[in-house]
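If you're wondering where the values come from, they're calculated on a predicted model, not measured in any experiment. Reckoned from all heavy atoms, side chains included, excluding hydrogens, waters and symmetry mates.
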Amino acid sequence: MPSYLIINPNTTALVTERLKGLAGKLLAPATVQAVTAPFGAPYISTEVACAVAGHATWQAWQTASAELRFDAVLIGCFGDPGLFAMREAAGVPVTGLAEASFMAAQAYGQYGIVTGGRAWGPMLQRLALALPSGRDLLDIETVELDGASLSARPAEAEQLLTQACVNLLKRSPVKSIIIGGAGLAGWAERLQSYFPIPLIDSVDAGLRRLRALSPA
């Protein structure tokens with residue numbers, strides 16, 4: 001039976017528990033371990049926080065892998081901090097929410113991203129340049145509130161995320177839109193009926209990719 005590790009690169013344990021709960025449903029009967037970054041920001045929304053999170057992700061991996069063996073690892077942040085270092089040194093397949101959702105969206109053609117936090121626009125553009133699946137990223141629309149704030153204010157989140165998707169579609173001929181962020185899990189499904197193109201949940205895409213990376 002496969003054994004998976006999910007690393008939450010921020011320090012908010014509630015995000016870790018939510019990721020583990022969603023993984024338990026989708027990946028059963030596999031074993032899923034979820035861990036929280038030992039240091040860093042409660043929510044990653046700046047370049048500095050993302051850089052620190054890369055280090056924290058590696059530290060979390062070292063601690064977890066010293067006790068248990070894992071077949072694959074998911075970095076549970078839409079920005080994949082530490083992805084390339086983990087891939088170089090972990091010795092098992094590693095993916096992140098951004099890479100996995102880029103791959104899922106790429107199946108439809110050129111795609112866009114809607115996410116929370118203004119700083120994530122250029123950060124995600126740079127990540128896309130480093131990933132083969134990023135070449136079809138056409139446009140990014142960010143909202144002012146970060147993922148944590150959107151999660152805490154669902155009525156406002158629905159309005160902001162819906163308008164962000166509308167804005168992106170008016171501007172760019174994308175074939176799908178990623179709703180990106182661990183804190184925004186479930187919103188793609190909630191908003192799908194409003195739009196004629198697929199909305200992709202980054203957490204769902206990450207978990208499905210994690211399953212595909214592990215031994216049969």
- Query: According to the interplanar angle, ranging from 0 to 90°, do the rings of Y111 and F102 count as parallel (below 30°), tilted (30 to 60°) or perpendicular (above 60°)?
  - Reply: tilted

Identify the heavy atoms of [X] and [Y] that sit nearest to each other, and give their distance.
X    : Y    : result
A182 : R18  : O-NH1, 4.3 Å
D71  : P93  : O-CD, 3.2 Å
I113 : L168 : O-CD1, 3.3 Å
T57  : P9   : OG1-CB, 3.5 Å
L27  : R211 : CD2-CB, 3.7 Å
I140 : L124 : CD1-CB, 3.9 Å

Quick check: do [X] and [Y] have side-chain heavy atoms less than 4.5 Å from each other?
X    : Y    : answer
E156 : L150 : no
S101 : F78  : yes
R171 : D139 : yes
T63  : V35  : no
L74  : L207 : yes
F70  : Q33  : yes
R118 : T142 : yes
T95  : I75  : no

Going hydrophobic residue to hydrophobic residue with side-chain gaps under 4.5 angstrom, can you get from [X] over to [Y]?
X    : Y    : value
M103 : I179 : no
V73  : F84  : yes
W58  : V52  : no
L19  : V32  : yes
Y108 : L97  : yes

Going from [atom1] on [X] to [atom2] on [Y], what distance comes out if it is rounded to the nearest 0.5 angstrom?
X    : Y    : atom1 : atom2 : value
L68  : S3   : CG    : OG    : 6.5 Å
R135 : Q110 : CZ    : CD    : 11.0 Å
C77  : N8   : SG    : CG    : 8.0 Å
E141 : L161 : CD    : CG    : 10.5 Å
I177 : I200 : CD1   : CD1   : 9.5 Å
N167 : S172 : CG    : OG    : 10.5 Å

Could you give the side-chain donor-acceptor pairs of residues 36-46 under 3.5 Å, partners two or more places apart or in another chain?
unit_1, atom_1, unit_2, atom_2, d
T36, OG1, T16, OG1, 2.6
Y43, OH, G147, N, 3.1
T46, OG1, A49, N, 3.0

- Check against side-chain contact (heavy atoms from CB on, under 4.5 Å), Q125 and W120: CA-CA 8 Å; Q125 288 281 11; W120 275 112; over 6 Å; no

- Message: Heavy-atom count check: over 12 atoms from other residues, nucleotides or ligands less than 6.0 Å from E189 CD?
- Response: no

- In terms of heavy-atom contacts, does CD of Q159 have more than 12 from other residues, nucleotides or ligands at under 6.0 Å? no

- Message: M86 vs I7, test: side-chain contact (heavy atoms from CB on, under 4.5 Å). Steps then yes/no.
- Response: CA-CA 11 Å; M86 285 282 294; I7 301 174; 4.1 Å; yes

- L26 and L22: side-chain contact (heavy atoms from CB on, under 4.5 Å), yes or no, with the steps? CA-CA 6 Å; L26 185 60; L22 293 169; over 6 Å; no

- Query: Does R209 come within less than 4.0 Å of E99, counting only side-chain N to carboxylate O?
  - Reply: no

- Task: Output, in order, the C-alpha distance, side-chain angles, deciding distance and verdict of side-chain contact (heavy atoms from CB on, under 4.5 Å) for W187 and D201.
- Result: CA-CA 7 Å; W187 276 105; D201 185 314; over 6 Å; no

- Task: May I ask you to check whether D136 and Q106 show a side-chain donor-acceptor distance below 3.5 Å?
- Result: yes

